[in-house]
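Computed from heavy atoms alone, side chains included, the values below leave out hydrogens, waters and symmetry copies.
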Amino acid sequence: CISRVHGIINSVGKYIMTLDPDDLLYPNSAELSYNSAIELDADVVEFKVFVINSRFGSNVWFHCSSNSTKGNEPILSEYQRLNIEVLNWNLWSRIIKRTVYMKAIKLMLPFIQYKNICNSEDMTHFGAIFIFMKNFFCMDFFAYIYYYSTAEINNKPAYMSRYQQS
């Protein structure tokens with residue numbers, strides 16, 4: 001939705017990490033993600049996500065689906081083919097350099113302004129980000145918890161105590 005765009009435009013930090021109402025960050029994960037991005041001078045850092053999904057009867061750890069790269073060509077190629085199995089297009093598992101995100105918004109804005117886009121908004125954002133990023137890194141740490149349904153959202157405190165990162 002356009003509210004995310006307004007948030008990005010009005011941000012002041014060097015990196016941006018989005019958080020939706022159905023998600024949680026592990027303790028210290030924002031700091032760990034930021035420090036990793038700074039150390040690597042990364043445009044985008046992707047990290048592991050824990051998906052809480054009782055609907056399918058199990059909780060699944062998801063790892064980065066793309067390999068680290070010093071260029072955007074392999075990732076753009078997968079994105080252009082919409083190869084969702086190889087490419088994770090969600091915003092919720094990444095920290096993104098603000099300058100890269102701002103270029104992406106400048107590209108997207110004429111197409112999304114005055115439109116109510118709330119489904120697959122991540123794909124629109126990350127497609128534009130893919131065009132401008134050069135340094136993408138996949139990190140081997142858990143930073144994010146995604147709650148798949150309302151039942152899990154209502155149980156956040158119980159899940160947090162059960163799945164604390166060690």
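- Cation-pi geometry between Arg94 and Phe126 is met: the NZ or CZ atom falls under 6.0 Å from the ring centre, inside 45° of the normal.
- A donor-acceptor pair under 3.5 Å links the side-chain atoms of Asn10 to the main chain of His6, judged by distance alone.
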Just do the side chain to side chain contact (heavy atoms under 4.5 Å, CB included) check on Ser93 and Val49 with the steps written out, would you?
-> CA-CA 6 Å; Ser93 60; Val49 176; 3.4 Å; yes

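- Within the 4.5 Å cutoff, side-chain heavy atoms of Tyr15 are placed close to those of Ile38.
- Contact annotation: the side chain of Val44 approaches that of Ile129 to within less than 4.5 Å [non-hydrogen atoms, C-beta and beyond].
- Tyr144 has its side chain out of reach of Lys48: every pair of non-hydrogen atoms, C-beta onward, lies at least 4.5 Å apart.
- A search for side chain to side chain donor-acceptor pair (under 3.5 Å) contacts involving Ser36 returns nothing, not counting sequence neighbours.
- The CD atom of Glu46 sits 5.5 Å away from the SG atom of Cys138 when rounded to the nearest 0.5 Å.
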Give every donor-acceptor pair under 3.5 Å between a side-chain atom in residues 96-109 and any protein atom, sequence neighbours left out.
from: Lys97; atom 1: NZ; to: Asp41; atom 2: OD1; distance (Å): 2.9
from: Arg98; atom 1: NE; to: Ser11; atom 2: O; distance (Å): 2.9
from: Arg98; atom 1: NE; to: Ser11; atom 2: OG; distance (Å): 2.8
from: Arg98; atom 1: NH2; to: Ile9; atom 2: O; distance (Å): 3.1
from: Arg98; atom 1: NH2; to: Ser11; atom 2: O; distance (Å): 3.0
from: Tyr101; atom 1: OH; to: His125; atom 2: ND1; distance (Å): 2.7

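- In this structure a side-chain-to-backbone donor-acceptor pair under 3.5 Å is missing from Asp43 to Phe136.
- Across Phe47 and Ile95, no two heavy atoms sit closer than the pair CE2-N, 3.8 Å.
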